[in-house]
Amino acid sequence: MIHIQCFAHLREQTGQDTITLDQTSLSVAELLAELSARYAIETESLMVAINEEYAAPEDRVSEKDRVALIPPVSGG
Amino acid sequence: MIHIQCFAHLREQTGQDTITLDQTSLSVAELLAELSARYAIETESLMVAINEEYAAPEDRVSEKDRVALIPPVSGG
Amino acid sequence: MYRITSQPIEVEEVTKKVIRPEAGAVVNFIGTVREFTKGKKTLSLQYEAYPEMAEKQLKKIGDEIKENWPDAVTAITHRTGKLAISDIAVVIAVSTPHRKDAYLANEYAIERIKQIVPIWKKEYWEDGEEWIGDQLEKTPYSNGEPGEVKPS
Amino acid sequence: MYRITSQPIEVEEVTKKVIRPEAGAVVNFIGTVREFTKGKKTLSLQYEAYPEMAEKQLKKIGDEIKENWPDAVTAITHRTGKLAISDIAVVIAVSTPHRKDAYLANEYAIERIKQIVPIWKKEYWEDGEEWIGDQLEKTPYSNGEPGEVKPS
């Protein structure tokens, strides 16, 4: 199982801090497609972080990884 | 009499906080010439302040004025 | 040197982290909550962070500064939680031997914070609230990671 | 807002003077005593001011900033007396609605301080001491008053 942290409007929209997927390994692109299908999430502007680093679409996510969805940031 | 405040190396060089001249009125240029003659002061790089404002060579200094010699500044 | 905190930020504390004998200049950037933005009145703000990643990204900004200005030392603290008007949201302190570099490196830091640090701002107005984002109109997976986007 | 003091300067105190609801950014410049200048080791510094005139000139700088950046608010405190390495000699705080102006106005302020504010620095080295001046190689009465010299 892969646990995906959600922040800001995604946390409010999905109603959860963490989304859990059944898969054990998938690419970032697949993960976003999966989330787009399951939730009414606009994935266009989303980044995915793996172990606190921005990941590329072809990077792979496995069960041991810390995964998070990063909407456009607005700090500062 | 005109009292002229001295700061920094001028204060140390003349050995006084305030130089007093006998005149009652003179121009800034005259004042500098007078000081140059009386003291071993290099007046080339000196500015004169009258009532806490930078003065021009042709400005006049009188007894009521607060006068000061301003060597090149080095604050900040 | 790189911290996310829910407590009020003290400018002095962040500044002290970068003061050192080799430095003659410190430039601080202090971001505060502004009441009006484009005529709209803000009542308060809420900042949320992904703290572990945010601190890593802040450190990354410090490393980038080191690459461009080898003599610079950087400290950054960003606050999270609910903030009132005039509260301090972020303090960036950069020290350098000569001042010009401190201004440039500091400005670089705030630009980069707005690009790559996972912190989000929710604005509360009289007539509603909204998570703010995408101000820079990034298209994340078309230009590579935001780390490659250069500040304007 | 414009002060000459013989006491240690608190960054927080100067910063607070310019924080306000209309501002979203404060930029501070903090000048500290640097140990080495061109390879020469400084032991301590002494600053002397013509305080009444210095405060007037600091206010003048604030007025000039107002002319160029009408939304900016400026506060400046400069210390006098004997300072040790890393002590703070000057704090300039400028707040603006948007950050770019705060950086520019702040940098303008420090340039102008070095031109027109009657404060003098004496450096103490291991092998001597000297009043510093004329770093900008001004020729006072050939270019008019230093107030007319534009910052580089």
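The analysis underlying the following values was restricted to heavy atoms, covering all of them including side chains, and did not include hydrogens, waters or symmetry mates. Per chain, numbering begins at 1; letters A, B, ... match sequence-line order.
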Checking D/Thr32 side chain against C/Ile19 main chain: does a donor-acceptor pair fall under 3.5 Å?
no
Less than 4.5 Å apart, any side-chain heavy atom of C/Glu12 and any of D/Glu10?
yes
So, does C/Arg20 use its side chain to make a donor-acceptor pair with the main chain of D/Ser86 at under 3.5 Å?
no
Is there a side-chain contact between C/Ile110 and D/Tyr103, using heavy atoms and a 4.5 Å cut-off?
yes
Need one label for D/Ile88: side chain, backbone, both or neither, based on atoms under 4.5 Å from any heavy atom in chain C.
side chain
Evaluate whether atom NZ of D/Lys59 has more than 12 neighbouring non-hydrogen atoms of other residues, nucleotides or ligands under 6.0 angstrom away.
no
With chain C, the option among D/Arg99, D/Glu13, D/His98 that has the most non-hydrogen atom pairs under 4.5 Å is D/Arg99
Toward chain D, the part of C/Val33 with a non-hydrogen atom under 4.5 Å:
backbone
Are the side chain of C/Arg34 and the backbone N or O of D/Pro21 linked by a donor-acceptor pair below 3.5 Å?
no
Check ion pair C/Glu107-D/Lys100 (N to O, under 4.0 angstrom):
yes
Find out whether C/Phe36 and D/Glu22 are in side-chain contact, i.e. whether some heavy atom of one side chain is under 4.5 Å from a heavy atom of the other.
no
Top of D/Ser95, D/Pro97, D/Ala93 for chain C proximity - count of heavy-atom pairs under 4.5 angstrom:
D/Pro97
Given D/Asn28, which partner from the list C/Val91, C/Asn28, C/Asn106 fulfils the side chain to side chain contact (heavy atoms under 4.5 Å, CB included) test?
C/Asn28
